[in-house]
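Data first, discussion second: the structure below is written as structure tokens.
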Amino acid sequence: MNPAEEIEQLRAELNQANYEYYVLSQPRLTDRAYDERMRRLQDLEILYPMYADPHSPTQRVGSDLNQAFRQEAHRYPMLSLGNTYSEAEVADFYQRVCRTLGENVELVCELKYDGTSIALHYEQGRLVKALTRGDGTVGDDVTENVKTIRSIPLVLRGSDYPERFEIRGEILLPWSVFEDLNREREARSEPLFANPRNAASGTIKLQNASLVAKRRLDAYFYYVLGEKLPATEHLSNLQKAKSWGFKVSDAVTLCHNLDEVFAFLKKWDVERASLPVATDGVVIKVNRLDQQAELGFTAKSPRWAIAYKFQAEQAATRLLSVDYQVGRTGAVTPVANLEPVLLSGTTVKRASLHNADIIEALDLHIGDRVFVEKGGEIIPKIVAVDPKSRAADGQPVGFTDRCPDCATPLLRYPGEAAHYCPNQLHCPTQVKARLEHFVQRKAMNLEGMGPETIDALHRLELLKTPADFYGLKPVQLMGMERMGEKSIRNLMQALRESKQVPFERVLFALGIRFVGETVAKRLAKAFGSMDALAAADREQLLAVDEVGERISDSVLAFFADPENRDMLERLRSAGLQMQGESTAAPVSNRLSGQSVVISGVFVHHDRDAYKALVEAHGGKVASSISAKTSFVLAGDKMGPAKLEKARSLGIEIRSEDEFLALLQSDENTTL
Ligand code: IVH
């Protein structure tokens, strides 16, 4: 066999094995045989690069390069569905549809998968593009990430597929993977995903496809679109899609009347508990495509389909004890420890109790039989108590009067439900949470400063306030876990760059209670500088849009504190932006008069950051190359047409490293 034939055969065998394993759940090849074939194919593809193919099974591991997502308009807008919790409204839907069409209709009932929707485009049987829903009109091109999902065919089976078509479905993270993932995140003190849906949508938007490949996503498909579909009925098209290698749920059922629809709802409300992935209802669709077309769409959703949502599942268990946790703002929240109970696919051991009022309203006693329910949050809530179950010696749940971390007596502000630990500057949990808040992307964006590093530096007493970040020396970080030479260099770079972060984000980063992103923007705009804000009185603060007494008191208290003032002085000396754009001078005029085109995928920063950098140094960003372009800042995968145009006009192309070096170089050198 010549190499081309061997490559072809290995690809076919591996595609078949993937299909059997991930779509049919019936593996026939052993793991070892699979690995051997995969390794052989990888070797051959390296030896014979002329046979490379982006649809080869080897391409599912995902590239390690950072990618920025290109946006693209959907060929058909991605609409949502009208939804209901009531069977009576399902009956109304059915009657309305029959009345409008003047005949009886067949309906298809499907499970409503609770993940993140995806639109795949196939041409000549090959996956060419995958778009997220985005705003319904324009989505992100996540093709590279989607290719790592093993149950999605890169090359279709059979031959009776249309030349071009689109198929929509739901990307899901199975419950078991979700739990493993959260366990790992908990061990690394990373924030947990609230539910598999958030985990799936977060994963598909990761900028590194090799990380996506590790997350073991799955996908089910429920809607085929295109000009030349094989059948005139929705169900037959789904069955065709199944034969092309897509995962289509076995639950899909044709119903001839309402009774059959209700039977489906009843059956799956119970049986969905044993499914490997999350579902939150049933989608009921008119089967015939000509009838769908006649019914048409409203601005938001099709008139030929409706979603029936299941009630949130409840479970009964026992209250064992109550713990208290303190958050960034000092709010202390009670958390119930429960006898473990299975609820919507996960074991529940803890439930949020929110605040003292809720405990009181529930008249909660230790040992009570309680009912828990899961909303969209990871921590379920206690919705009811069975008072008859109470033991004679059951102790009422009070509320702690001291901070669970630093034992400071708690305060309760008038009109507020929460208890607060007032020891904001020294309560360790609050201090660390404030540092974590400061480094986040939306604030100072100090990438690489994860919770464990903050925790370790806090324990070493190197970090207490955000100002301490700017005093960190590389030697102090050496030898710390996860702090290799490269991470240290990146962190130092992030610290330097954070000096360009605009004033409004610096203000948000301080973590002043009740000053979120929007309020920070308003305050920054109204006062223009940290000094003016610090000098503002109550009346001036209250005059700002959206600022009420709660916020103004909190701002006044923050600036009244000498320790905060001291920290602000240190941040100012470190070079952080302490005034708004209108008054701030550009960082330099290094690029003044220059027109820069940014193209390709970058490794160190994303495109927006480069745009901001060009502008901060006095340059302008243009979208297309022309004779006026001063230079092109080129990342990876810059389009060949652009490259050619730049070359033909003799325009210089700079890599991101060259560009960054340029910004740091001496002011007086000419470009
Ligand atoms: S059909 C034009 N079928 O639910 C409507 N959607 O609320 C096409 N979903 O955006 C959607 N399972 O992300 C359809 N079996 C199913 C579904 C389903 C889950 C999601 C989908 C859609 C949302 C609508």
Side-chain angles (χ1 to χ4, degrees), residues 74-85 89-90 93 97 107-120 130-140 142 146 149 151-152 165-174 195-205 217-226 229 233-235 237-239 241-242 246-255 261 264-265 267-269 271-272 275-289 291-310 376:
H74 288 291
R75 178 118 57 120
Y76 310 92
M78 279 181 99
L79 302 174
S80 60
L81 289 172
N83 64 45
T84 175
Y85 286 89
E89 284 182 19
V90 172
F93 163 78
V97 160
L107 297 172
V108 176
C109 283
E110 300 169 14
L111 289 172
K112 185 169 189 304
Y113 289 100
D114 194 13
T116 183
S117 41
I118 193 79
L120 305 183
L131 298 180
T132 62
R133 180 172 193 283
D135 62 4
T137 308
V138 174
D140 278 328
V142 291
V146 161
I149 303 174
S151 62
I152 291 183
F165 70 95
E166 178 173 341
I167 187 162
R168 295 199 180 153
E170 205 78 356
I171 292 184
L172 298 147
L173 196 77
N195 48 49
R197 178 184 359 104
N198 290 7
S201 61
T203 301
I204 208 63
K205 298 284 279 288
L217 291 168
D218 202 353
Y220 283 84
F221 290 86
Y222 46 67
Y223 191 19
V224 192
L225 298 101
L229 298 185
E233 274 138 25
H234 169 67
L235 182 60
N237 281 324
L238 283 189
Q239 282 159 347
K242 193 169 184 168
F246 293 99
K247 211 166 184 170
V248 174
S249 164
D250 288 331
V252 179
T253 302
L254 185 65
C255 295
V261 172
F264 185 94
L265 301 184
K267 171 178 170 185
W268 285 103
D269 196 2
E271 290 190 12
R272 72 194 185 104
L275 293 174
V277 293
T279 55
D280 61 345
V282 167
V283 182
I284 305 159
K285 303 175 181 170
V286 169
N287 190 28
R288 267 171 48 190
L289 302 189
Q291 291 179 332
Q292 289 188 0
E294 192 174 337
L295 290 162
F297 296 84
T298 69
K300 282 193 296 196
S301 53
R303 288 200 191 86
W304 44 263
I306 189 169
Y308 169 85
K309 298 275 232 72
F310 296 126

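Computed over heavy atoms, backbone and side chain alike; hydrogens, waters and symmetry mates excluded. Order of listing sets the numbers, starting from 1, for every ligand and every atom in it.
When all heavy atoms of Lys205 and Val142 are compared, the closest pair comes out as CD-CG1, 4.5 Å. Between Ile284 and Cys109, the shortest heavy-atom distance links the atoms CG1-SG, 4.1 Å.
Remark: the Tyr222 side chain and the Glu170 side chain contain an N/O donor-acceptor pair separated by less than 3.5 Å.
The shortest N or O to N or O distance between Arg133 and ligand 1 is not below 3.5 Å. Considering backbone and side-chain atoms together, Glu110 places an N or O closer than 3.5 Å to an N or O of ligand 1. Checking only distances, Leu111 does come within under 3.5 Å of ligand 1, N or O to N or O. Of the polar atoms of Ser80, none of the N or O atoms is found under 3.5 Å from an N or O of ligand 1, judged by distance alone.
In terms of protein heavy atoms, atom 8 (C) of ligand 1 is closest to Tyr223 CD2, 3.8 Å. Annotation: atom 18 (C) of ligand 1 to nearest protein heavy atom, Tyr222 CZ, 3.3 Å. The closest protein non-hydrogen atom to atom 12 (N) of ligand 1 is Tyr113 N, 3.0 Å. Of all protein heavy atoms, the one closest to atom 13 (O) of ligand 1 is Glu170 OE1, 2.7 Å.
If you look at Leu81 next to ligand 1, the close heavy atoms, those under 4.0 Å, come from the backbone and the side chain alike. Looking at Thr116 against ligand 1, nothing comes within 4.0 Å, counting heavy atoms. Using a 4.0 Å cut-off between heavy atoms, Lys112 contacts ligand 1 through both its backbone and its side chain.
A salt bridge links Lys285 to Glu110: at least one charged side-chain nitrogen sits closer than 4.0 Å to a carboxylate oxygen. Taking the charged nitrogens against the carboxylate oxygens, Asp250 and Lys242 do have a contact shorter than 4.0 Å, which makes a salt bridge.
Taking the six-membered ring where tryptophan is involved, the planes of Phe264 and Trp268 are tilted, since the angle between them lies from 30° to 60°. Ring planes of Tyr113 and Tyr220: parallel class, angle under 30° (limits at 30 and 60°).
Residue contact check for ligand 1: Lys285 places a non-hydrogen atom closer than 4.0 Å to it. By the 4.0 Å heavy-atom criterion, Pro302 is counted among the residues contacting ligand 1.
Distance NZ/Lys112 to CZ/Arg272: 11.5 Å, rounded to 0.5 Å.
The ligand atoms of ligand 1 that sit less than 4.0 angstrom from a heavy atom of Ser117 are 10 (O), 13 (O).
Counting heavy atoms from C-beta outward, Tyr76 and Glu166 have side chains that approach closer than 4.5 Å.
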